[in-house]
Number of protein chains: 2
Amino acid sequence: MKQVAASVEEVATVLKLLGDKTRLTIMGLLNNQDCCVCELVEIFQMSQPAISQHLRKLKDAGLVKETRKAQWIFYSMNKEHEMHSLIKDILAHIPDQKEKLKELEEKGTKISCE
Amino acid sequence: MKQVAASVEEVATVLKLLGDKTRLTIMGLLNNQDCCVCELVEIFQMSQPAISQHLRKLKDAGLVKETRKAQWIFYSMNKEHEMHSLIKDILAHIPDQKEKLKELEEKGTKISCE
DNA sequence: TCATCATATAACAATATAATTATATAAGCA
DNA sequence: TGCTTATATAATTATATTGTTATATGATGA
């Protein structure tokens, strides 16, 4: 499939962001479903500020969007991002992240606002 | 097309390497044809050690191979790299780099060993 | 309203990255 | 052999990145 070429700079910016194991995995998770910060903290066993700072970078670049739902802020993939097809192509190369979400449910730490 | 999933770490490593404008462009160039160091120095208007160090990183990760031809060392894309299909997918999103190679020929700084 | 939970931000420290300059190595040629 | 060209490596410096701790903000609920 022929792609519409973005500038080298734009692509390099996205790759640099996804060139971090934590951020790449976050995108893999968001590719399955929206997550709130505390879920990600639980999954990555990382400090809350560390997760927040990774999310900030992704948000500043427009790769993710945030939505407040009650006391939680849910992050989701921005499907309107100019580089969304590149991101999907990349995520097709990493293992499915559903397992991690399943574990959350089993531990009972899954947040649900529906 | 369903991909064979590499580990998140492996993919992140490749993305980090390509998350640099210079290295991403080098890979775009090598996707068209092999290049020697002095050609890349000419194209990027960058110091020779800077180019060599970028090539070293790409080589250490196995993304490129080197072949000596007389006094020049030509770099080429390693098509046998485990992550070659990911790299091709990514390069499909950047503009074709043939222009830069054409300019070299016009300036007469193209190296040919055939 | 006050305490608590969820999240963001600021300040800082440790580490990584990328460029420069200087120097080493290796091939080609007079 | 000694000079030149092509490339690599080392040392250094400047800057960027990532994580930690401390603190601020904002929503919920008693």
Side-chain angles (χ1 to χ4, degrees), chain A residues 8-9 12-27 29-30 34-61 63-76 104 107-113, chain B residues 8-9 12-27 29-30 34-61 63-76 104 107-113:
Chain A
V8 174
E9 283 90 344
T13 300
V14 170
L15 299 183
K16 178 175 258 180
L17 277 165
L18 301 193
D20 172 277
K21 196 195 162 190
T22 304
R23 286 191 297 263
L24 181 58
T25 309
I26 288 175
M27 292 303 283
L29 286 160
L30 299 185
D34 300 359
C35 290
C36 71
V37 181
C38 60
E39 290 172 331
L40 298 174
V41 169
E42 180 73 23
I43 289 170
F44 290 98
Q45 292 290 304
M46 228 170 169
S47 74
Q48 174 266 315
I51 296 294
S52 273
Q53 284 161 27
H54 282 302
L55 289 169
R56 178 83 137 88
K57 289 186 189 189
L58 294 172
K59 200 189 70 178
D60 284 352
L63 267 56
V64 303
K65 293 184 296 187
E66 54 174 46
T67 320
R68 185 174 273 276
K69 286 184 185 175
Q71 65 265 50
W72 301 287
I73 295 178
F74 278 76
Y75 282 84
S76 58
L104 269 194
K107 280 201 279 183
T109 45
K110 182 93 192 54
I111 305 291
S112 180
C113 297
Chain B
V8 174
E9 284 90 344
T13 300
V14 170
L15 299 184
K16 180 175 258 181
L17 276 165
L18 300 193
D20 172 277
K21 196 196 162 190
T22 304
R23 286 191 297 263
L24 181 57
T25 309
I26 288 175
M27 292 303 282
L29 286 161
L30 299 185
D34 300 358
C35 291
C36 71
V37 181
C38 60
E39 289 172 331
L40 298 173
V41 169
E42 180 73 23
I43 289 170
F44 290 98
Q45 293 289 305
M46 227 169 169
S47 75
Q48 174 266 313
I51 295 293
S52 272
Q53 284 161 28
H54 282 302
L55 289 169
R56 179 82 138 88
K57 290 188 186 186
L58 294 172
K59 198 188 71 179
D60 284 352
L63 267 56
V64 304
K65 293 183 296 188
E66 55 174 43
T67 320
R68 185 174 275 276
K69 286 185 186 175
Q71 66 264 51
W72 301 287
I73 295 178
F74 278 77
Y75 282 84
S76 58
L104 269 194
K107 280 202 278 182
T109 45
K110 184 93 191 54
I111 306 291
S112 179
C113 297

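Basis for what follows: all heavy atoms, side chains included, without hydrogens, waters or symmetry-related copies. The structure presented is a predicted model; accordingly, all values stated were derived computationally and were not measured.
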Q: Confirm from the modelled atom types if B:Q71 and D:dT4 form a donor-acceptor pair under 3.5 Å, side chain to base only.
A: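 In this structure, the two groups form no donor-acceptor pair.
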Q) Under 3.5 Å, is there an N or O donor on one side and an acceptor on the other linking the side chain of B:Q48 and the base of D:dA8? A)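 Under the 3.5 Å cut-off, the side chain and the base do form a donor-acceptor pair.
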For a 4.5 angstrom cut-off between non-hydrogen side-chain atoms, does [X] reach [Y]?
X: A:L63; Y: A:K57; value: no
X: B:L30; Y: B:L58; value: no
X: B:L40; Y: B:M46; value: no
X: B:F44; Y: B:L29; value: yes

Is there a side-chain contact between [X] and the phosphate of [N], meaning an N or O under 4.0 Å from OP1 or OP2?
X: B:R56; N: D:dT9; value: yes
X: A:Y75; N: C:dA8; value: yes
X: A:R68; N: D:dG26; value: no
X: A:K69; N: D:dA27; value: no
X: A:S47; N: D:dT20; value: yes
X: B:H54; N: C:dA19; value: yes

Q | Nucleotide of D:dG19, D:dT28, C:dT7 approaching A:A70 most closely (side-chain heavy atoms) | A |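 Closest nucleotide among those given: D:dT28.
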**Q.** Nearest-nucleotide pick for A:S52, side chain only, options being D:dT21, D:dA8, C:dT7
**A.**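 Of the options given, the side chain of A:S52 lies nearest C:dT7.
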Q: Say whether, by atom type as modelled, one donor and one acceptor occur between the side chain of B:E39 and the main chain of B:C36 under 3.5 angstrom.
A: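 Judged by distance alone, yes, a pair lies under 3.5 Å.
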From [atom1] ([X]) to [atom2] ([Y]), nearest 0.5 Å:
X: B:K16; Y: A:L24; atom1: NZ; atom2: CG; answer: 11.5 Å
X: B:I51; Y: B:T22; atom1: CD1; atom2: OG1; answer: 6.5 Å
X: B:D20; Y: B:M27; atom1: CG; atom2: CE; answer: 12.5 Å

Length of the [atom1]-[atom2] vector between [X] and [N], whole Å:
X: B:D60; N: D:dT9; atom1: CG; atom2: C1'; result: 12 Å
X: B:I73; N: C:dA24; atom1: CD1; atom2: P; result: 19 Å
X: B:L40; N: C:dA19; atom1: CG; atom2: P; result: 14 Å
X: B:K57; N: D:dT9; atom1: NZ; atom2: P; result: 14 Å
X: A:F44; N: D:dT18; atom1: CZ; atom2: C1'; result: 15 Å
X: A:Q53; N: D:dA16; atom1: CD; atom2: C1'; result: 14 Å
X: A:W72; N: C:dT4; atom1: CH2; atom2: C1'; result: 13 Å
X: B:I51; N: C:dT20; atom1: CD1; atom2: C1'; result: 13 Å

Q | Along DNA chain C (nearest heavy atom to each residue), the more 5'-positioned of B:M46 and A:K59 | A |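 Going by which nucleotide is closer to the 5' end, it is A:K59.
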Q) Looking at DNA chain C, which of residues 13-27 of chain B put a heavy atom within less than 4.0 Å of it? A)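 Output list: B:K16, B:D20, B:R23.
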